[in-house]
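Presented below is the structure to which this report refers.
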Amino acid sequence: MTDPSLAPASGHDHSHCVADALARADSLCASRGARLTALRRRVLELVWRSHRPRGAYAILEDLSQQEGKPAAPLTVYRALDFLVEQGLVHRIESLNAYVGCPAPGLAHTGQFLVCESCGNTEEIDDPRIREAIRDGAAARGFRVRLPTVEVRGLCPDCQSRPRPETTP
Ligand SMILES: [Zn+2]
Ligand SMILES: [Zn+2]
Ligand SMILES: [Zn+2]
């Protein structure tokens, strides 16, 4: 966590986020009888390197670097599948990337505010949005599988930061 570019926008001690996420994962998996193997735990930690969704390839590279030998892509994908299944991470479809869930114990699908400038992604879980999707779909006889919402825009930090404009 020495790379300053990985620091989340809202200056906080991110090591707490990581420690909390790992502790939650430990207790959640223990209570469910799910096996959080050393590898799965390490992959979760790598997803949590920042609040930006990370692609499987970046995680694979980190893992290979940590282990000093190339990690098998399939192993990483399987670990990510497990983490998604357990609700410990969410897949951001539009970015083809993964982000850690701050509230994995609760059944939710999440809405994501994705900053297009810095990449920070904040999860909100607003029951009104969930209900609106459910009701709107039901009224049209549509069966919802994945009600996840990905909202693009600018986070507060990036709004106050002068943006490098590309002049036409
Ligand atoms: Zn953090
Ligand atoms: Zn979540
Ligand atoms: Zn931002």
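Counting starts at 1 for both ligands and their atoms, in listed order. What you see is a predicted model; the values in this text were computed from it and never measured.
- Within H14, the N, O or S atom at minimum distance from the Zn ion (ligand 1) carries the name ND1.
- Closest to the Zn ion (ligand 1) among the N, O or S atoms of H12 is NE2.
- Within a 6.0 Å sphere centred on CD of E67, other residues, nucleotides and ligands contribute more than 12 heavy atoms.
- Closest to the Zn ion (ligand 2) among the N, O or S atoms of E123 is OE2.
- With the Zn ion (ligand 2) as vertex, H108 NE2 and H90 NE2 subtend 110°, rounded to 10°.
- For H12 and H14, the ring centers are positioned less than 6.0 Å apart.
- Annotation: side chain of R24 is not in contact with side chain of C101 (no heavy-atom distance under 4.5 Å).
- Ion pair E150/R152 not flagged as a salt bridge, since none of the NZ, NE, NH1 or NH2 atoms sits closer than 4.0 Å to an Asp/Glu carboxylate oxygen.
- In this structure a side-chain-to-backbone donor-acceptor pair under 3.5 Å is missing from R54 to I59.
- For the Zn ion (ligand 2), the set of nearby N, O or S atoms under 2.8 Å includes none belonging to D125.
- Looking only at N/O/S atoms, H51 comes nearest to the Zn ion (ligand 1) through NE2.
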